[in-house]
2 protein chains.
Amino acid sequence: MVLEGEIKARGRSITSLGAEESSVDVKTARSFWRAVERIQPGASISSGPAGRERTIVVVSGWVSETRILPDGRRQIFSFLLPGDVAAMTHASNIGNRGLVALTNVEIADAGALGGGEAGEGPGAWLTDASRRREERLFEQIVRIGRLSAKERVLNLLLELYDRLDAIGLVKESAFRIPLTQEVFADALGLSVVHINRTLQQLRREGMVTMGRGTVMLHDRQRLASFACYQAEIHHGGFDQSRRASAARSN
Amino acid sequence: MVLEGEIKARGRSITSLGAEESSVDVKTARSFWRAVERIQPGASISSGPAGRERTIVVVSGWVSETRILPDGRRQIFSFLLPGDVAAMTHASNIGNRGLVALTNVEIADAGALGGGEAGEGPGAWLTDASRRREERLFEQIVRIGRLSAKERVLNLLLELYDRLDAIGLVKESAFRIPLTQEVFADALGLSVVHINRTLQQLRREGMVTMGRGTVMLHDRQRLASFACYQAEIHHGGFDQSRRASAARSN
DNA sequence: CGAGACTTTGACCGTAGTCAATTTATGTGG
DNA sequence: CCACATAAATTGACTACGGTCAAAGTCTCG
């Protein structure tokens, strides 16, 4: 087995793998939203009172948007990182779609910020966030619909890189992901075993380095073209101040 | 998987399979929106002027929301039926996502109706429509992420049944779809050959009857449970008056 | 009839799934 | 600090679902 020792940064437990390490961004986030709720890893985020819609913002940690089929198969639709938004209907919580915390998570209620209408201010930001959210759903569809296992994994890693980078969670071109291979598998529509073998292959071929929840992508440009990844076009929002870090190349 | 050009060549036979036959609903639709544009089969719907966002409503016909990868692989994200809404950024048109007419199509601009804010009136209807649109993206992800070929096909057919029924396009529990097997394949993340074999199997097993663009599903209840299909929960909108037809069982 | 779009078939291949066992963390209580 | 329990990661053997290629058959329409 190949746990590349080249990586310096390290974390002890799952809770230290999430975003809560990044004091800077958590602070930034906290200055915008008061965290109204803390969620334990594995717990799901409840929708509001029956029938009422609830829009939440992730302040820190990772959340997965999940659906479990009657026969136990599971599909993860998307990952929510700090700054991401999700709307939940009560209905969407029942057998349909659930938000499950993958780490310790802090969320805030976005409802208070207004409905997300065009124009300036937090409302506009919300609109933008949900536009990008939808954009990611399309990427997800392409991934599982048309990409090979190798491409899927790379494509997802590239997306996570960009998103984490945008909120300042990429350090020395490495980032941490609190995802087990099983979570990966359920997000990419593959089996755990195959994910495992695919990751090994990617490591063997020197495309990525990963171990203990830390990932490093080598030659993102090449990987992007290999995995049909196209960086998001829309920018701005949650943490503009960190944008500078996007300049760092690999 | 196909290169764009192949789609266009012939549109005649296809046009007769579309929704434009249903005079009743087209009339209903026309009473709400003035059709501002007609699109030929195979043509794509252009986004507005650069940078400007455009929200359109399909008045009649079928539209596919598509993405073509650099190497020619194609993924269809969703089908838009009469009454469905789609928002396009200029950016989303470039190498990202395109709306392509599958039949003769009439569209209207929804922008004039207001931004889709909470409350009553056309705005609320728009919000609802786009919520359901998003819901369908999730269904699509489950389909291609976790269902087998047989399940995928059935699941999609069941969704189309419900959507067409809701707008009065199901007659005697049969409906018409202007989709070639290739379009089906690109929507479901399968190859044409496999779609073909899957359809044959479904016919052999007596689950569906289909030919010449007409489809009939036998025992939808059973099929739904087999294909992990759950009917949409949200209702209302485009054509309330036709809801009665939902009562018809198989 | 001929052309092109679509569907269907057969042979063969390969990616990814399944099952089952093993190894490696990670964590816990004594 | 060790024994044990549990979650994750890994491996091997085997299967199968779905892809690819290439050819033939159908349908529609001009």
Side-chain angles (χ1 to χ4, degrees), chain A residues 1-5 7 10-17 41-42 71-75 102-103 143-153 177-204 208 210-215, chain B residues 1-17 41-42 71-75 102-103 143-153 177-204 210-215:
Chain A
M1 185 236 48
V2 231
L3 267 193
E4 330 270 333
I7 297 178
R10 105 189 79 270
R12 305 301 301 253
S13 62
I14 240 193
T15 53
S16 71
L17 298 175
D71 59 1
R73 281 176 287 186
R74 184 172 69 159
Q75 176 66 49
L102 296 173
T103 66
R143 263 195 293 264
I144 62 186
R146 281 307 182 205
L147 302 190
S148 70
K150 226 166 106 180
E151 292 168 321
R152 286 183 214 190
V153 172
I177 40 180
L179 309 180
T180 64
Q181 295 185 353
E182 185 172 3
V183 169
F184 245 88
D186 287 337
L188 295 175
L190 298 167
S191 68
V192 198
V193 174
H194 198 64
I195 279 284
N196 183 290
R197 292 183 166 128
T198 304
L199 287 175
Q200 286 177 56
Q201 193 188 351
L202 291 177
R203 281 187 292 226
R204 233 180 298 125
V208 315
M210 61 191 302
R212 294 156 194 279
T214 297
V215 175
Chain B
M1 116 175 68
V2 186
L3 298 182
E4 209 158 17
E6 303 179 35
I7 304 170
K8 312 187 170 181
R10 163 166 154 288
R12 293 297 283 208
S13 61
I14 273 187
T15 55
S16 68
L17 300 175
D71 59 1
R73 282 177 286 187
R74 184 172 71 158
Q75 177 66 48
L102 297 173
T103 66
R143 264 195 293 264
I144 62 186
R146 282 306 183 205
L147 302 190
S148 70
K150 226 167 106 180
E151 293 169 322
R152 286 183 213 189
V153 171
I177 40 181
L179 309 180
T180 65
Q181 294 185 356
E182 186 171 5
V183 169
F184 245 89
D186 286 338
L188 296 175
L190 298 166
S191 68
V192 198
V193 174
H194 198 64
I195 279 283
N196 183 289
R197 292 183 166 129
T198 304
L199 287 175
Q200 286 178 57
Q201 194 188 350
L202 290 177
R203 281 187 291 229
R204 241 192 333 250
M210 60 191 301
R212 303 157 189 277
T214 297
V215 176

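In this text, all values refer to a predicted model and were calculated from it rather than measured experimentally. Because only heavy atoms are used, hydrogens play no part in the values below, and waters and symmetry mates are left out as well, while side chains stay in. Every chain is numbered from 1, with letters handed out A, B, ... down the list of sequences.
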(message) For A/I144 versus A/R152, what's the shortest heavy-atom pair and its separation?
(response) O-NH2, 3.6 Å

(request) Rounded to the nearest angstrom, tell me the gap between atom CZ in A/R73 and atom C1' in C/dG17. (result) 13 Å

(request) Using whole Å, report how far CD1 of A/I195 lies from C1' of C/dT18. (result) 16 Å

(message) Working to the nearest 0.5 angstrom, can you tell me the gap between B/L202 CG and B/M210 CE?
(response) 8.5 Å

(message) Please give me the minimum heavy-atom distance between B/A149 and B/L190, naming the atom from each residue.
(response) CB-CD1, 3.8 Å

(request) Quick one: pull up CG in B/L199 and CZ in B/R204 and give me the separation to the nearest 0.5 Å. (result) 11.0 Å

(request) Check whether any side-chain N or O of B/R146 sits under 3.5 Å from a backbone N or O of A/R73 as a donor-acceptor pair, and report yes or no. (result) no

(request) Taking only the side-chain heavy atoms of B/Q200 (C-beta and beyond), determine which of C/dT9, D/dA8, D/dT28 contains the nearest atom. (result) C/dT9

(request) Check the distance between D/dG18's C1' and A/I144's CD1 and give it to me in whole angstrom. (result) 16 Å

Protein-nucleic acid N or O pairs under 3.5 Å, nucleotides 12-15 of chain D:
residue	atom	partner	partner atom	Å
D/dG12	N7	A/R197	NH2	2.3
D/dG12	O6	A/R197	NH2	3.4

(message) Whole angstroms only, please: what is the CG-C1' distance between B/L188 and D/dG19?
(response) 15 Å

(request) With rounding to the nearest 0.5 Å, note down the distance linking CD in B/Q201 to CG in B/N196. (result) 12.0 Å

(request) Estimate the overall bend of the helix from C/dC1-D/dG30 to C/dG30-D/dC1 from the end axes over five pairs each, rounded to 10 degrees. (result) 40°

(message) How many whole angstroms separate atom CG of B/L202 from atom P of D/dG18?
(response) 12 Å

(message) At less than 4.0 Å, is any side-chain N or O atom of B/Q181 found next to OP1 or OP2 of C/dT8? Yes or no.
(response) yes

Provide a list of protein-nucleic acid N or O atom pairs under 3.5 angstrom, restricted to nucleotides 14-16 of chain C.
residue	atom	partner	partner atom	Å
C/dA16	OP1	A/A149	N	2.8
C/dA16	OP2	A/H194	NE2	3.2
C/dA16	O5'	A/H194	NE2	3.3

(request) Using atom CD1 of A/I177 as one end and atom C1' of D/dA9 as the other, report the distance to the nearest whole Å. (result) 14 Å

(message) Below the 4.0 Å mark, does C/dT8 have OP1 or OP2 next to a side-chain nitrogen or oxygen of B/R203?
(response) yes

(message) So, taking the atom named CD1 in B/I177 and the one named CZ in B/R212, what distance separates them when rounded to the nearest 0.5 Å?
(response) 14.5 Å

(request) Measure the distance from CZ on A/R146 to P on D/dG18 and round it to the nearest whole Å. (result) 13 Å

(message) According to salt bridge (charged side-chain N to carboxylate O under 4.0 Å, His left out), who are the partners of A/R74, at least two apart in sequence or on a separate chain?
(response) A/D186

(message) Looking at D/dT10, I'd like to know if its phosphate oxygens (OP1 or OP2) sit under 4.0 Å from a side-chain N or O belonging to A/N196.
(response) yes

(message) Suppose we screen for salt bridge (charged side-chain N to carboxylate O under 4.0 Å, His left out). Which residues come up paired with A/R197, at least two apart in sequence or across chains?
(response) none

(request) Output the distance between atom OG1 (A/T103) and atom CG (A/L179), rounded to the nearest 0.5 Å. (result) 9.5 Å

(request) Could you pull out all residues at least two apart from A/R143 that satisfy side chain to side chain donor-acceptor pair (under 3.5 Å)? (result) A/Q140, A/N155, A/E159

(message) Nearest whole Å is fine: how far is D/dA8 C1' from A/L179 CG?
(response) 13 Å

